[in-house]
Structures are given as C-alpha cells and as structure tokens.
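Heads up: the structure comes next, in structure tokens.
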Amino acid sequence: MADAKIYTERVLENLQKRNPHEPEYIQAVREVLLSLNWVIEEHPEYQDHALLERMVEPDRMIGFKVVWQDDAGRVQVNRGYRIQFNQAIGPYKGGLRFHPSVNPSVLKFLGFEQTFKNALTGLPMGGGKGGSDFDPKGKSDAEIMRFCQSFMLELYRHIGSETDVPAGDIGVGAREVGYLFGMYKKIRNEHVGVLTGKGLSYGGSLARTEATGYGALYIIRQILEDRGDSLEGKTIALSGSGNVAIYACEKAHDLGAKILTMSDSSGYVYDSQGIDLDLIKEIKLEKRDRIHTYLEKRPEAQFFAGQKPWQVKVDIAIPAATQNEEDLEDAKQLVENATPYYFEASNMSTTEAAVNYLLDHKVLVGPSKAINAGGVAVSGLEMSQNASHVAWSFKEVDKKLEEIMAGIYKNISEAAQDYAGSKDALIVGANIAGFKRVAQAMLEQGYVF
Ligand code: NDP
C-alpha cells in the first residue's frame with residue numbers, strides 16, 4: 001500500500017503545482033485519487049504506464065470568445081469552452097453550463113468527474129464538459145437565441161455525433177439545446193445526434209428531461225431497500241429548483257416521500273405540507289421567476305432569504321443545485337439533526353471537509369457520480385435512438401433507466417465491499433468501479449492519450 005500511496009500523492013502534488021489556481025479541479029481529482037490506493041496496489045503496472053498522470057490531464061481544452069448583440073444593440077463578449085477530457089470508452093459526452101462562475105477549473109472538475117460517471121453507466125461514452133460565463137438570468141428569448149447561435153458558430157468545429165456530444169447542465173435546458181442544435185444544422189446541413197436533451201419533435205428522447213431526477217430517486221430507493229429501509233413516509237430536504245431538483249421532487253412524491261424544501265440562489269422555501277410541485281413548475285419552467293414567489297400562492301410556507309435548506313430536520317438531504325453547496329457548517333447541522341442519509345444529486349455537492357465530517361459521523365453518503373448518472377445514461381439512450389432512427393416509448397426508456405441505476409448500485413456497492421470492506425463506502429465504490437473501466441480501456445489502446 002505504501003508504494004501506491006506514494007504514487008497517488010506524487011501525481012496529486014504535481015497536479016497542484018501545475019494548476020495552482022484551479023481549486024475545484026484539484027478537489028475532484030483528489031477525491032478520486034485518494035480512493036484508489038487499493039486498486040493501484042493490486043495493479044502495479046498502472047504506475048509503469050503512467051496511467052494516473054495521463055488520466056488527470058484532459059485530452060484537449062478548447063477556449064474561444066463568443067461575441068453577440070443584446071436587445072439594446074450593445075455588443076457583448078463572453079468566454080466559451082469545451083473540455084474534451086477522456087475518450088477511452090467512447091465519444092466525449094457531457095453537458096454545457098451557462099453560468100457566470102464557469103471557468104477552466106470548474107469545467108475540468110466536471111469533465112474529470114463525467115469520465116467516471118459515464119463509465120459507471122456501462123454505456124460507451126467518454127467524458128467532456130463545456131459552457132460559458134454567460135448569465136442567462138434576465139435575458140430575453142432573443143438574446144438567448146443570439147448567444148446560443150454565436151456559441152455554436154465556434155463549437156461546431158469540435159463536436160460530432162461520433163466525436164463529442166454535448167447536452168444541457170446549469171443554465172442550459174431544452175430551449176438552449178434547441179437553439180444550439182438549430183445553428184449546428186444550419187452550419188453543417190446534417191440532422192444527427194450531435195446534442196442530447198433535444199426536443200421530442202426533432203430527435204429528443206422521451207424521459208430525458210426527467211432522467212437525472214428520476215434516476216437519483218431510483219438509486220436512492222435501492223440504497224435504502226438494501227438496508228431494510230424504504231422511501232415511504234421519509235421527509236427530504238432538497239436544494240435547487242432546476243431540472244434535476246424538479247424531477248427528483250416529482251419521483252420522490254411518486255415513491256411516497258415528502259419533499260419539504262426547494263431553493264434557488266436567493267434562498268429556500270420550507271413547506272411543512274410538502275412542496276407543491278405544480279407551483280414550482282409554474283414559477284421555474286413557465287415564468288422563470290424567483291422561488292420566493294411560491295409564498296404568493298402558498299402563504300403558509302416560509303421563505304428563508306440567503307439561506308440553505310440544511311437546517312431543516314429531515315430523514316434525507318439531497319443537494320441538487322451546484323458544487324460545494326454543502327460546507328462543514330452545513331454538515332455539522334445535518335449531524336446535529338441526526339439526518340442518516342445524504343445523497344448528492346448536484347455534481348461534487350460537498351466540500352472535502354464536509355464529506356469527511358459526514359463520514360466520520362456515520363451518515364450514509366451517496367456520491368454524485370452515481371446518484372446523478374441517470375441523466376447521462378438517458379443521453380446515451382438518446383444517442384442510440386438517433387443512430388438507429390427509432391424512438392422508444394417513455395415506459396421503455398424509464399425502464400432502461402431503472403435497470404441502469406440498479407446496475408450502477410450493484411457495481412459500486414460491490415466495489416465498496418471488495419476494496420473498502422463495507423458496502424456503505426459508496427464514494428470509494430463509485431470511484432473504483434468507474435476508474436477500473438476507464439483504466440482498462442486506456443491500457444488496451446496504447447500511449448495515445
Ligand atoms: P438548472 O440550471 O436547471 O438549475 C440549477 C438550480 O441550482 C437552480 O435552482 C439555481 O438557482 C441553483 N443554483 C445554481 N447555481 C447556484 C449557486 N451558485 N448557488 C445556489 N444555487 C445555485 O441546473 P440542473 O438542475 O440541470 O443542474 C443542477 C446540478 O445537477 C448541477 O450540479 C449539474 O451539474 C448537475 N447535473 C445535471 C444534470 C442534468 O441532466 N441537467 C445531469 C447530472 C448532473 P438560480 O436559478 O437562482 O441560479
């Protein structure tokens with residue numbers, strides 16, 4: 001074990017030296033590498049092949065400027081990126097994020113994570129991520145369209161249905177994917193599955209919109225059932241009110257649990273009767289409004305400006321907004337509230353100190369790589385449908401999603417048991433199960449990446 005530890009620590013140290021200003025990227029790599037000592041010990045050849053050094057470095061990083069005109073006629077300049085992280089097991093695959101916080105560190109962390117998440121689904125997809133520091137909030141439809149068109153005017157050179165297939169993420173939903181896809185077709189004159197999350201009328205898959213949230217609840221149900229527990233009657237604190245949170249809420253209610261909170265970046269609402277999801281959909285999907293307006297129709301609910309929902313006493317906490325939304329103080333609050341379950345639906349929801357605190361206090365932690373893998377899994381199914389020119393029913397896709405989530409849970413809990421000696425070590429299990437598949441594919445394909 002000592003050799004393995006020296007190797008992983010050396011790789012981490014070098015990475016830190018070479019990327020001193022990229023904290024999110026270092027955090028994501030650290031979490032994976034620190035889980036791998038058992039596997040590295042078992043496979044000393046990884047070190048000879050410099051596997052970790054190759055794996056932590058993106059294959060390709062593309063940066064470009066995006067020039068567009070706002071409604072007032074002013075010319076605006078944003079930054080656009082696509083990080084093609086790893087294509088050992090399939091074409092690069094991962095979402096596009098439009099948010100002012102987007103920078104190379106955030107996208108490298110997301111692309112790195114995506115590589116292992118995609119491996120966990122068992123589908124042939126490599127890892128990638130992209131986006132822009134463009135802020136869609138408060139922009140008109142026309143501005144969104146012009147921005148997306150300008151973004152695609154550069155991105156189209158780098159993507160393709162067999163090369164790199166982006167999808168949505170924070171700030172990029174069906175509307176944005178539609179504008180991006182329209183522009184891609186205008187430039188390339190080909191109707192292919194170059195993006196997923198498309199509208200149903202032009203090649204999208206049924207159940208893709210719901211997939212991340214539904215998939216999260218499918219795997220959570222299984223984790224609970226494997227421990228003789230169930231979702232029935234459980235109370236849940238959920239953060240976010242975007243795509244992932246909305247469909248997580250929908251499935252949680254279907255499965256008999258009660259969501260008590262939802263949030264956006266302005267604060268959270270608490271509804272002791274259970275969140276009224278139709279109202280959230282009206283506010284967020286139709287009006288694109290702020291979450292405090294929930295109280296206009298549900299005056300008995302409460303709004304907590306500038307706060308996060310982790311202070312509410314519940315059975316399960318599910319962050320579904322953004323990275324590092326749960327810090328040490330929040331983790332202490334969860335432990336004080338005796339919350340037994342914590343499942344990450346947003347990517348890298350938790351700071352390192354907070355994860356360690358939760359684990360030290362025996363909270364069961366489900367990592368984002370597994371919990372939110374349903375979105376990309378159904379994106380993979382959308383690619384299959386596009387390639388074979390078919391459209392499966394909602395029921396078919398939903399059933400495949402459930403099967404994929406069950407397969408992920410089986411793989412990660414077995415890896416957790418085999419390597420860490422406990423099926424509760426789900427973070428280690430997810431990192432190892434994803435890593436092993438990517439490592440094998442890289443070794444078999446030679447020193448190309
Ligand atoms: P959306 O843009 O649909 O929603 C994001 C939600 O999170 C909004 O409620 C938003 O509030 C809130 N939020 C975003 N940034 C912050 C912040 N810095 N602080 C507080 N709240 C914030 O995104 P998604 O629902 O698609 O994504 C949510 C998470 O799930 C992300 O981590 C994403 O990477 C991950 N994910 C998404 C998948 C998908 O299929 N969409 C697949 C797998 C993972 P506000 O509107 O005020 O900004």
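All ligand and atom numbering here is 1-based and tracks the order in the structure.
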Original post:
Is ligand 1 under 4.0 Å from a heavy atom in the side chain of Arg208, in the backbone, in both, or in neither?
Top reply: side chain
Original post:
Does a donor on one side chain and an acceptor on the other come within less than 3.5 Å for Ser140 and Asp71?
Top reply: yes
Original post:
When the ring centroid of Phe112 is compared with that of Phe85, is the distance short of 6.0 Å?
Top reply: yes
Subject >> For Ser241, the ligand 1 atoms whose distance to one of its heavy atoms is below 4.0 Å >> reply: 9 (O)
Subject >> Option nearest atom 33 (C) of ligand 1 (shortest heavy-atom distance, choices Asp169, Val172, Leu110) >> reply: Asp169
Original post:
What's the shortest distance from atom 4 (O) of ligand 1 to any protein heavy atom, and which residue and atom give it?
Top reply: Gly242 CA, 3.2 Å
Original post:
Is it true that atom CZ of Arg79 has more than 12 heavy atoms of other residues, nucleotides or ligands lying nearer than 6.0 Å?
Top reply: no
Original post:
Could a heavy atom of Gln323 be found less than 4.0 Å from some atom of ligand 1?
Top reply: no
Subject >> Between Asn324 and Thr351: side-chain donor-acceptor atoms closer than 3.5 Å >> reply: no
Original post:
In terms of residue, atom name and distance, what is the protein heavy atom nearest to atom 39 (C) of ligand 1?
Top reply: Thr212 OG1, 3.4 Å
**OP:** Could you tell me which atoms of ligand 1, counted from 1 in the order shown, lie closer than 4.0 angstrom to a heavy atom of Gly240?
**Re:** 9 (O)
Subject >> Minimum side-chain heavy-atom gap Leu180-Leu195 below 4.5 Å >> reply: yes
**OP:** Could you name the option among Asp135, Val244, Val106, Thr196 that has the heavy atom nearest to atom 24 (P) of ligand 1?
**Re:** Val244
Original post:
Would a 4.5 Å heavy-atom cut-off, applied to side chains only, mark Leu155 and Leu96 as touching?
Top reply: yes
Original post:
Tell me: protein heavy atom nearest atom 18 (N) of ligand 1, and distance?
Top reply: Thr322 CG2, 3.6 Å
Original post:
Evaluating non-hydrogen atoms only, which member of Asn347, Ile371, Ile246, Val376 is closest to atom 36 (N) of ligand 1?
Top reply: Asn347
Original post:
Among the heavy atoms of Met348, does any lie under 4.0 Å from an atom of ligand 1?
Top reply: no
Original post:
Does any non-hydrogen side-chain atom of Trp310 lie less than 4.5 Å from one of Pro319?
Top reply: yes
Original post:
Does any N or O in the side chain of Thr235 come within less than 3.5 Å of the main-chain N or O of Asp315, such that one atom is a donor and the other an acceptor?
Top reply: yes
Subject >> For Ser346, atoms of ligand 1 separated by under 4.0 Å from a heavy atom >> reply: 29 (C), 30 (O), 32 (O)
Subject >> Structural part of Ser263 in contact with ligand 1, heavy atom criterion under 4.0 angstrom >> reply: backbone
**OP:** Could you tell me if any non-hydrogen atom of His99 lies under 4.0 Å from any atom of ligand 1?
**Re:** yes
Original post:
Should the pair Lys308-Glu325 be classified as a salt bridge under the 4.0 Å nitrogen-to-oxygen rule?
Top reply: no
Original post:
With a 4.0 Å cut-off, strictly under, does atom 29 (C) of ligand 1 pick up any protein heavy atom?
Top reply: yes
Original post:
Can you tell me the protein heavy atom closest to atom 47 (O) of ligand 1 and the distance?
Top reply: Ser265 OG, 2.5 Å
Original post:
For residues Ser266 and Asp264, is any side-chain donor paired with an opposing acceptor at under 3.5 Å?
Top reply: yes
Original post:
Are any non-hydrogen side-chain atoms of Arg175 and Asp141 less than 4.5 angstrom apart?
Top reply: yes
**OP:** Measure the distance from atom 41 (N) of ligand 1 to every protein heavy atom, then report the residue, atom name and distance (to 0.1 Å) of the closest one.
**Re:** Asn243 OD1, 3.6 Å
**OP:** Answer yes or no on whether Lys139 is positioned over the face of Phe98, meaning its NZ or CZ is under 6.0 Å from the six-membered ring centre and within 45° of the axis.
**Re:** no
**OP:** Can you sort out which atoms of ligand 1 are near Arg97, meaning under 4.0 Å from one of its heavy atoms?
**Re:** 31 (C), 32 (O), 33 (C), 34 (O)
**OP:** Show which atoms of ligand 1 fall inside a sub-4.0 Å distance from at least one heavy-atom site of Lys137.
**Re:** 45 (P), 46 (O), 47 (O), 48 (O)
Original post:
What is the nearest protein non-hydrogen atom to atom 2 (O) of ligand 1, stated with its residue, atom name and distance?
Top reply: Gly171 N, 2.9 Å
Original post:
Going through the distances and angles, do Glu402 and Tyr214 end up as a side chain to side chain donor-acceptor pair (under 3.5 Å)?
Top reply: CA-CA 9 Å; Glu402 246 187 292; Tyr214 278 23; over 6 Å; no
Original post:
Heavy-atom distance to atom 22 (C) of ligand 1: which of Ala345, Ala321, Ser379 wins?
Top reply: Ala321
**OP:** Could you tell me whether Ala373 approaches ligand 1 through its side chain, its backbone, both or neither, with non-hydrogen atoms closer than 4.0 Å?
**Re:** neither
